[in-house]
Amino acid sequence: MDFTMDLERRTLLKGLGLTTVGWAGSNAVQAQESSDLAYSTQEAGTVGSTVNYTDDVIYQIVTDRFQDGDSGNNPDGDLYSSDCSNLRKYCGGDWQGIIDKIRDGYLTEMGITALWISPPFENVTSVDADIGTSYHGYWARDFKDTNEFFGDMNVFEELVSVAHDNGIKVVMDFVPNHTSPSTADNSMEDGVLYDDGDYVTSYSDDPDDYFHHNGGTDYSNYEDQIYRNLYNLADFDQQEAYIDQYLKDAIRSWLDKGIDGIRVDAVAHMAPKWQKTLMDTIYDHKPVFTFGEWFLGTGESNQRYYDFSNDSGMSLLDFRFGQEIREVLREFNDDWEDFWDVIEETASQHDQVIDQVSFIDNHDMERFTVAGEEANTDLALAVLLTSRGTPTVYYGTEQYLTGGNDPENRKPMPSFDQSTTAYQIIQKLAPLRQSNAALAYGDTQQRWINSDVFFYEREFGDNVVLVGINRSQESYDISGLLTALPEGSYDDQLDGLLGGFGTSVNGDGSIDSFSLDPRTVCVWEYTGNTTEPALGHVGPTMGQTGHTVTVSGEGFGSSAGSVQFGSTDAPVVSWSDSKIEAEVPALAGGFYDVTVTDTDGVQSDAFADFEVLTDDQVSVRFVVNNAETDPGESVYVVGNVHELGEWNTDRSVGPFFNQVVYEYPNWYFDVNVPAETSIEFKFVKIDGDGNVTWESGSNRTYTTPSDSTGEYVGDWQA
Ligand code: NOJ
Ligand code: NOJ
Ligand code: CA
């Protein structure tokens, strides 16, 4: 079963006048003296921030394929392939195996500081000749129980605790879009759903319509992808109050087990604003870094993807970066200029590009490594681990595991060799992400480029990392290279692993001409001592009054200054030179700039547009009937609360849908609104040029539900 790409192809305009983002302390003053206090967000044996992963390296594990630590939990009979010759069956890997690989040093010595594991919940246990089994974990049956072949809840909790004891965070994969294959054309279980052991419903006997029954999506548009089944997977109707609560209760229970992050499956296939209520639920319970999977194919980009990343409260897997690095260093179809275009596009389009989760391969695409071309994997890992974003390494990439599309890209771990070049690259660069804040927070500057050679620089506060790479078989003379590295000599942080060497920087920031050999990477770094507040990261990026927000960066000072949301001071919970916890102050819903001011009164650059939510969020379906429109016009809702744009039609919510659940001239949209609130609103029509037509009559009123979903239905007021 190949994971079909999102077919919506809205190619972005290139060259929108994009510039590198500079909100993060680019004006910070150079330190006066050098410091022996190396910056680090994480001390040995302690786990890092659950809301800031920018200095982490995530290691993605397909649990069934990593390590069998307990043969006692392996399935019997047809579900199981003991030698894993059938890659669609269970092969025995489990949480005990991951625990063992933490304990024996394989994972910790690699330097990774977070694990992303397969969906942990109970899955269907049937076998189908064509589509196989649920070894991957994406075919849930009971979201409140564990997959017995991975372990029971005690083992899960042990995994979390052993990981934490070893400074590793645990990210779980969550799949709120669907249960399992639904129809009679396979030997599966008809999408059956259980609630902590109790039967709830199944796809063909679903009296309360807990699933959508609108057929399968052809990916023709966003609405179709959301309200029809992805493949034949039984597609939840999250607007059904029971399902809404079930999924939110389930994720709360896993948060209570100690997980530190969440990867959300198939976010292009669920109502975006319902997902915003999910994010509010998560942040209200226990704030953890959350990133969604919105699959983009090679060269694919679209505005909805960026809008989701900026609005939903979660980040995305960085498919723009991942697909492009593959074009440059695996396919050699594109060159570094194309890569730079993607760096600029993503910097400009994402509010927070550093929170997007970058990768070079994963379980839904061919493995990066091509047999005989292992050196390309090495180059790509070096770029991944020094680039902006939160890098993820797919299990086995460090062993040069090869394989085509699913399931060939999910072969068992071939070995746990700690001497491969790829393993050593991760081992050298993962700690650098923690010790030099330029890698976590810095923007990216181009320093020297042609189709084969790229020198890029990351800078934050008083820290600089300069990376140079030659992907070709030719040597290049590099002249005129300039850097922000201070005058002095620098060693290659890869210790020559990829042919790199040291360099000297002149007083004017120039580096004398030199030759860069084929297939070479150099990494030069300067860790400074930032003495004025440089704000690198805020997490989460939305929340309610009273929620705790973590502000990370450097130079905040050792004694507490103040944190502002707009012009309002936020109660400070804890303060250190690199990390502040503060509460969202009592503010009306809206967008606020966050700044840090030290005890000398020096204020940081602003982190733009933190979203204060009015209250707990619930999802309400707004339906307006008989709204006839001219070509190019769509229906939106606008109203008196922040979530409905506060009567500002530029912030009205939509465009509404009109094809699947209700059909034109009837329109609908599922919207996050504050709970238990009497709201006023109107529907509007907006055309492609932004011209607004208000409906007439008085404002509509509706009292939103307290903790469930709601629906408002009305006729267009002509
Ligand atoms: C995306 C997952 O990564 C993929 O492996 C899975 O099959 C689909 N979503 C459906 O859950
Ligand atoms: C302006 C619109 O014209 C009107 O119809 C609407 O009721 C108000 N905004 C909201 O107070
Ligand atoms: Ca096992």
Side-chain angles (χ1 to χ4, degrees), residues 1-6 60-76 79-84 87-101 116-121 123-124 131-141 143 146-152 155-156 159 171-182 188 191 216-217 219 225 229-236 262-270 291-297 316-317 319 322 357 359 361-366 392 394-395 403 405-410 412-413:
M1 177 147 103
D2 290 342
F3 187 60
T4 312
M5 66 178 152
D6 174 8
Q60 182 198 349
I61 290 178
V62 173
T63 303
D64 182 61
R65 301 296 155 85
F66 187 61
Q67 171 77 342
D68 185 358
D70 175 7
S71 57
N73 60 20
N74 295 351
D76 294 325
L79 265 180
Y80 183 50
S81 174
S82 58
D83 60 359
C84 215
L87 286 168
R88 295 191 193 278
K89 294 193 175 182
Y90 277 89
C91 297
D94 48 31
W95 297 326
Q96 186 60 51
I98 302 174
I99 293 170
D100 294 348
K101 286 292 151 195
W116 153 20
I117 57 171
S118 301
F121 11 81
N123 268 230
V124 292
I131 62 177
T133 69
S134 62
Y135 74 90
H136 42 67
Y138 291 102
W139 296 347
R141 185 164 67 190
F143 286 76
T146 67
N147 185 321
E148 59 180 312
F149 310 125
F150 299 165
D152 62 18
V155 185
F156 185 82
L159 168 62
V171 177
M172 77 168 239
D173 206 322
F174 187 48
V175 194
N177 179 64
H178 57 262
T179 53
S180 63
S182 62
M188 285 290 138
T217 182
Y219 307 92
Q225 283 178 195
N229 297 356
L230 171 61
Y231 319 116
N232 59 344
L233 297 164
D235 197 51
F236 280 129
I262 301 169
R263 180 265 193 190
V264 184
D265 191 57
V267 298
H269 296 270
M270 295 177 280
F291 54 98
E293 175 239 5
W294 184 309
F295 195 95
L296 296 177
L316 287 176
L317 279 158
F319 276 90
V357 178
F359 56 89
D361 57 2
N362 64 35
H363 61 307
D364 292 326
M365 55 179 62
E366 292 179 4
T392 297
Y394 185 42
Y395 85 95
N405 282 318
D406 164 9
E408 295 297 321
N409 51 7
R410 303 166 183 188
M413 196 67 177

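Every number for a ligand or one of its atoms is a count from 1 in the order of the listing. Below, all heavy atoms of this structure are taken into account, side chains as well, without hydrogens, waters or symmetry copies.
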Those atoms of ligand 1 less than 4.0 Å from some heavy atom in [X]:
{"X": "D265", "value": "1 (C), 2 (C), 3 (O), 8 (C), 9 (N), 10 (C), 11 (O)"}
{"X": "H363", "value": "2 (C), 3 (O), 5 (O)"}
{"X": "H178", "value": "10 (C), 11 (O)"}

Walk me through whether D361 and N409 qualify under side-chain contact (heavy atoms from CB on, under 4.5 Å).
CA-CA 9 Å; D361 57 2; N409 51 7; over 6 Å; no

For a 4.5 angstrom cut-off between non-hydrogen side-chain atoms, does W95 reach I117?
yes

Smallest separation among heavy atoms of F149 and D94, with atom names
O-CB, 3.6 Å

Which bit of E293 is near ligand 1, meaning a heavy atom under 4.0 Å away: side chain, backbone, both or neither?
side chain

Once you restrict to heavy atoms under 4.0 Å, what part of R410 touches ligand 1? Side chain, backbone, both or neither.
side chain

Salt bridge between R410 and D364, side-chain N to carboxylate O under 4.0 Å?
yes

Of all N/O/S atoms in D68, the name of the one nearest the Ca ion (ligand 3)
OD1

The Ca ion (ligand 3) is nearest to which N, O or S atom of D94?
OD2

Taking the six-membered ring for Trp, are the ring centroids of W116 and F291 within less than 6.0 Å of each other?
yes

Qualifying residue, where the test is ring pair (Phe, Tyr, Trp, His ring centres under 6.0 Å) with H363 and the options are Y138, Y395, F295:
Y138

Within the stated cut-off of 3.0 Å, is an N/O/S atom of [X] closer than that to the Ca ion (ligand 3)?
{"X": "G69", "value": "no"}
{"X": "N73", "value": "yes"}
{"X": "N74", "value": "yes"}

To the nearest 0.5 Å, atom CG of D235 lies from atom CE of M270 at 9.0 Å

G92 atom O and D70 atom O as seen from the Ca ion (ligand 3), angle to 10 degrees
150°

Between F236 and F143, what is the ring plane arrangement, given parallel below 30°, perpendicular above 60°, and tilted in between?
tilted

Is the closest heavy atom of R263 to ligand 1 under 4.0 Å?
yes

